[in-house]
Each structure stands twice: as C-alpha cells, then as structure tokens.
Amino acid sequence: MAATEQTIKQVNTLGDTDYKYGFSTELDEIRPPKGLNEDIIKFISTQKEEPEWMLDWRLNAFKVFNKLPKPEWAKLNIPEIDYQDCYYYSIPKSLKDKPKSLDEIDPEIIKTYEKLGIPLKEQKMLSGIAVDAVFDSVSVATTYKKQLSDLGIVFCSISEAVKTHPDLVKKYLGSVIPVSDHSFAALNSAVFTDGSFIYIPEGVRCPVELSTYFRINAMNTGQFERTLIIADKDSYVSYLEGCTAPMRDENQLHAANVELVALDNAEIKYSTVQNWYPGDKEGKGGIYNFVTKRGACRGKNSKISWTQVETGSAITWKYPSCILQGDNSKGEFYSVAITNNMQQADTGTKMIHIGKNTSSKIISKGISAGKANNTYRGLVNILSKAKNARNFTQCDSLLIGNKCGAHTVPYIESSNSDSMVEHEATTSKINEDQLFYCQQRGLNSEDAVGLIVNGFCKEVLQHLPMEFAVEAQKLVAISLEGSVG
Amino acid sequence: MLEIKNLHVSIEEKKIIKGLNLSINKGEVHALMGPNGSGKSTLSYVLSGKDKYEIDDGTIEYNEKNLLELDVDERANEGLFLAFQYPMEIPGVQTSFFLKTAINSKRKYLGQSEMDALEFAKLIKSKSEDLNINTEMLKRDLNVNYSGGEKKKQEILQMSMLSPKMAILDETDSGLDIDALRIVSEGVNKLRSKENSFLVITHYQRLLNYIKPDFVHIIADGRIVKSGDYSLALELEEKGYEEISNSA
C-alpha cells in the first residue's frame, strides 16, 4: 500500500474518539532525572557523542537562557512553566545501540508509526516521500538515504549531521535564529535533542518530498526539535513535517527551532501539519507548542514559502518568518490555524524586507470554535534599503459559535516610500443558512462544517503537497467535530 | 407519500401556518400558489426541517415515517429535496465536488458504496447536457458569481443528480427569463415518474404552463383555501388572489 493511501486509510479508520493519535507505546526508556541544569546538558551531549564545540555551544545557550525573560507579547494565557519538573531526554532503550537498518528497530516502534500511518519500511515507500521519524528524543530512521546521497543531498538527523557535516552545522546553526533571540530559542539551543538536517547542493532539485514525523511518547518529556535546512545556489527542496503525541493529563512542552537558509536562486518550501494533542474539552493536558521558525533568503532571487496547518496543541505560539536579504527574494506564509474547545493559538509571521525588489505574501485563515481564542499576529517590516518592496496580506477569521474569539494584530513598519503594502482582513461567522443548505443535500452537520471550513481554507490547503492536502482536509474536519450542536 | 394534517407553525410567537392540510400521493405533481406572506416558503422550510420554526400542532407523515422526528440530513437522504428560492454560495467548494459529496452522503446513509469517479463523471455529464449546463460552470465555486438563472439551473441539476422521491420547488421560477424557465421546467418534467412527487410553490401561473400540475392549491393566511385541478390556476390568473380567497 502506498504511503499516502495508508495515511488516508489511517485517518479514516481512527474512528470516533476525539483525538485520534492518543495512544502511547510501552517501551523501556533511558532517561536522566528531571530538571534543567548543566549536568543534564552534558548528559545529552554525551549520549549523542557530540564533539566539544557542540557542548560548549549548548552550555553558552543555557547561560543566555537563564538571563532571558519569558516572551510576553502574545495574547495567550500561559501557565507558569516549571522547567525543573520536566525530563529533557528520553530514548527507548532499544535505540541506544543505533540500529543499522530498519530490521533492527524495535517492532513496537515500527508499530507505533504504522498506527500513525507513517510507513517506515522502504518497500512501502512507493509514493516518493522520504521520511525521517523522530520518536521522543532520537531519530528512528531515515528512508531513501542512498537515493538522496547519490545526488549529494544530505538528509539525516541533526545529531548525525553534527558528527558527519560539522562545517555546515557550525556555519549555519544559530545563524538565522540567534541563541539570544528569546528564552524559548535559547532553551532549545541548550537542550535540543533531535530533528532533521538537510543540505541540497548547488544546482540540485530534490526529486522527492522530504518529510519528518515527530512524536512525543514518553511522559513528562519535553521535545526540543532542531531542524536546519540549507538550500545551496539554484537548488530546490520541499519539506513536510507532521506531529502527534499521546493523550495525557499533564501538559508537555515542545519548543522547536527551525532554521532555513536559501542561497542565490534557491527555493525552500516548508509545510507543517501540526496535530499535537490539544487537551480535553475542559482544557486539561495538551502540548505547549512554542516554536521558532525562521528562514533567511540570503541569496538573490531566493524564495522561502511556509505553509502550516495548525490544528492541535493546547497552546500554539509560532511565527514562521522570512528575512528577505537577497535582492528580488520572495517570502510566503500560508496558514490555517484551528482552535476548538479551550485551545489557544497566537500565530502569524514576520516578513523583514531588506533587499531590493523583495516581495512577500501572507494568507492567514483562523478558525475558532468552542471557547477557543485565535490570534493572528504579524509584522511586515520594510527597511530603508528595500526599494520597491511589496507585501500583500490577507487575514480571514471564521467564528463557529458565540463563545470563541478571533483577533488580528498586524504591524506594518515601512521606512521606504517606494514600497507597496496591502492588508485585507475579514471576520465572519459560519452561516447557518449555508449549513442548512448543505444538510438539505444530505450532509450531516459535522460534514457540512468540514466542507464549509475546508472551502474557507482552500487558498492555503492548495499550497500543501498533494498527498498531504487530502489528509489535511480530513484533519480540518476532525478537529472541528462537536463544534456545532 | 406526504400527508400533512392540521399543521400549525409559528416563528418567534408569530403564527404563520394555521391548520394546513395537504396530501400528496406517489406520482402526483401539486402546485401551491399564494400571495406574499401566505406561508408558502415557511411550509417548504418546515418540510425540509429548518430550525427556528415552532410546530405548535399537527402531524406530517412522509413515506410512513414521522417526518418531524427526522433531522434535516435524514429527511434529505430519505429522498426529500428542496430547490431553494435563494441557493447559498459556498466559497472555496467546487460545485462538482459538492455534488459528489451530496451523492455519497446519501449512498452512505442508504448503506451503499461510494460512487466512483468515473461513474460520477458520466452521470454529471449526461445530466448537465439534459439541462443545457456548460460543465465549465461545475468547476467554479458553488453558486459563487453565478447569475440568478445559473443558480436555479444548478438547483435542478442537483435535483436530477439526487433523484428525490419528493421534490419541493420553492419559487424556482422567480427571476428566470423565458429560456431558463423552459430549461428548468424540462428538467422537472424529465424527472417526473410514477415513483416520485412534486410540490411546486409559485406566485405565477406562468410556470404551470410548462410543468402541468395534477392539483392546484391556493394558500392564504396559513391555510389552503381552495383546491382544484389545473383550471384553478387559470382562474386565479384571471381573477387574482383576493377574489378567489374571499369566495372560498
């Protein structure tokens, strides 16, 4: 069965429970004690057999973290996080001895991924997607490695890249998101456990979608993903990440840093389908998703495009951004953020125009149901040297019911009179006559909401890779289940 | 097929339908005519199950089921279809996708397997040709930027795709030019059979030149005041609502 087919089937068969990925897998784990201190950081570094420069980098980040306050700008109600009451590293014991092929991986882990619809076995990889799967703190397997390496493409876990491609890591890690950016960025830099590393050499167009699947399995474990993607001159890559976690009563922390670098004429397309456990209807449990994603269009004519479908997490705090340094470079941000029940999301983007003739486009669709709050927060900043810069922003909010909230906070700063900035925003309620019309044609109320909301999100969903657009559409419908009476 | 007895309906405490009786058998076409505010559209919404309408008294039996106990989508999937006076626009949802979703909702309800893409394409092609609908239109978002005539043709296309047992046409003729009126009527006439029934709600006798009803009812102030055959429509055209209602 093709991966896509299997994924779709998986989504279909996941039945009627509210959160479809809420199982956990029983595995022996290696974990240092709870708490955040230099010893833990050293433990992580040792476990990963890192070179000394990497450990020094981490320890420095930890010093910075201790000095920085928690970011306060978002319209979120974030409970005080006790960083000492959390595990920072967890790996299933069977992965300790580094499986050399998929056959050596604990069948329980393979089963977990099969339940999620992520086929790891190469013989099943018929749909042209290379997958790197991250289970708690370690990368489980990277499929398609051989085929990619023939083209000179490096697609591996970041831990591996630290050892095999130290020059690239040293050069680019932290170059887009400085350690001192804000406290979550610093925390991630100190304790990051795993994530993907991609390097596309000059002139290479990556022939398959590269994909990572993140899963938090162990209890009380934070996941600190670190991803670094470098597209060298004239190259192209499309990358997709998906995320799930089991249902648990306590909150779990996911603080990721993702850095993208596009050199001359390079293009990076980065898509996210985020479906972390959102907590129950009363707001108990769920993932805190504090993510820093930033791309630098360093080269001329380079392009970075973010597409995100955010349906999960108790709290989402995320602003995938583009720094448009190269002349004629382009940044795009397409976002669907859905909040239901007690979920909170504060998400948006920053487009920083530095080079000449740079352009950016922002399409944001926020959907709020239940008692949820959904905020779009964006910054379009046009610096004085950015001649002829252009931006178009469109923010649409859709409300379902009368206890939820939608907020739009767009900042525009322009220091160049040649620039052209457009902003459009709408807020609407789901129309009962539309619902009635659909139901009169035989759709039940949930299917009707799913259909209308998918129509509302179409401009964004069509930017997802084909295989995932279908899954995302189902996810949109699933996450709004129970939102209409 | 449909048996309405002593129906009383109000909305926000205002009585709209006041003791309406109507019986429609399999294979029959009934026309319901009446002035503005007489309760015509309210009846179509009550039959299809729109909320906000309070049923104060009476019963509605549909195919040996208590219609009032069924949800909107259950009624639809049991073969009750309402062609809307004002079809809704649904941005971002392609018309053909909507049609496919509707057909498969019904099939799922009936325990049948989904219609495959090829079968669907064939069906939609032949039905569109019958109604003189350009299939390019089906690629556009449902009813978005459709002209008044296109919207009504679209309703009739949906009707013929879903082949309902009981179809209610709520002032489908309003805003139609003579060509569109003819096409829409032909669509209805093609669907007419011994197995299904129609309730055609209209202001004007004009539509009934094309869709010949078996029975004509005149509604005024929430009740049917006079029933007859097609000749009643002609009489109405001549005398007007007031005279007929008063003489009843």
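In what follows, every chain begins at residue 1, and chains take the letters A, B, ... in the order their sequences are listed.
Only the backbone of A:Phe456 comes within less than 4.5 Å of a heavy atom in chain B; its side chain stays farther off. Of the two parts of B:Pro164, neither the backbone nor the side chain holds a non-hydrogen atom closer than 4.5 Å to a non-hydrogen atom of chain A. B:Tyr86 does not touch chain A: none of its heavy atoms, backbone or side chain, sits under 4.5 Å away. Proximity to chain A (any heavy atom under 4.5 Å) is shown, for B:Gln94, by neither the backbone nor the side chain. Proximity to chain A (any heavy atom under 4.5 Å) is shown, for B:Leu99, by neither the backbone nor the side chain. B:Leu82 touches chain A through backbone and side chain together, each having a heavy atom under 4.5 Å away. Heavy atoms of B:Asp141 lying under 4.5 Å from chain A belong exclusively to its side chain. Proximity to chain B involves both the backbone and the side chain of A:Cys438, based on heavy atoms less than 4.5 angstrom apart.
Between chain A and the options B:Phe81, B:Phe97, B:Phe98, heavy-atom pairs under 4.5 Å are most frequent for B:Phe81.
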Inset, instruction - Let me see the working for A:Glu432 and B:Lys50 under side-chain contact (heavy atoms from CB on, under 4.5 Å), right down to the final yes or no. - result: CA-CA 10 Å; A:Glu432 283 182 20; B:Lys50 194 171 185 179; over 6 Å; no
Legend entry - A:Tyr437 and B:Val72: CA distance, side-chain angles, deciding distance, side-chain contact (heavy atoms from CB on, under 4.5 Å) verdict: CA-CA 9 Å; A:Tyr437 186 78; B:Val72 181; over 6 Å; no
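A:Asn454 is not listed as a side-chain neighbour of B:Val93, based on a closest heavy-atom distance of 4.5 Å or more. Within the 4.5 Å cutoff, the side chain of B:Ile90 has heavy atoms near those of the A:Ile452 side chain.
Listed here is the closest heavy atom pair of A:Leu443 and B:Ala102: CD1-CA, 4.0 Å. Scanning both residues, A:Gln440 and B:Leu80, for their nearest heavy atoms gives NE2-O, 3.0 Å. For the pair A:Gln439 and B:Ala76, the tightest heavy-atom approach, listed with the atom from each and the gap, is O-CB, 3.7 Å.
B:Lys15 NZ: 12 or fewer foreign heavy atoms inside a 6.0 Å radius. Atom NZ of A:Lys330 has 12 or fewer heavy atoms from other residues, nucleotides or ligands within 6.0 Å. Counting heavy atoms of neighbouring residues, nucleotides and ligands inside a 6.0 Å radius, atom CG of B:Asn145 does not exceed 12 of them. In the displayed structure, A:Gln462 atom CD is contacted under 6.0 Å by more than 12 heavy atoms of other residues, nucleotides or ligands. The neighbour count for B:Gln112 CD, taken as heavy atoms of other residues, nucleotides or ligands under 6.0 Å away, is above 12.
Of the inter-residue distances, the one linking A:Asp447 atom CG with B:Asn104 atom CG reads 11.0 Å to the nearest 0.5 angstrom.
Put simply, the side chain of A:Gln434 never gets that close to the backbone of B:Met88: no donor and acceptor are under 3.5 Å apart. Under a 3.5 Å cut-off, the side chain of B:Glu74 and the backbone N or O of A:Asn444 do not form any donor-acceptor pair.
Close placement of the A:Phe436 and B:Phe84 rings is indicated, their centers lying within 6.0 Å of each other.
Residues passing the side chain to side chain contact (heavy atoms under 4.5 Å, CB included) test with B:Asn66, sequence neighbours excluded: B:Leu68, B:Glu69.
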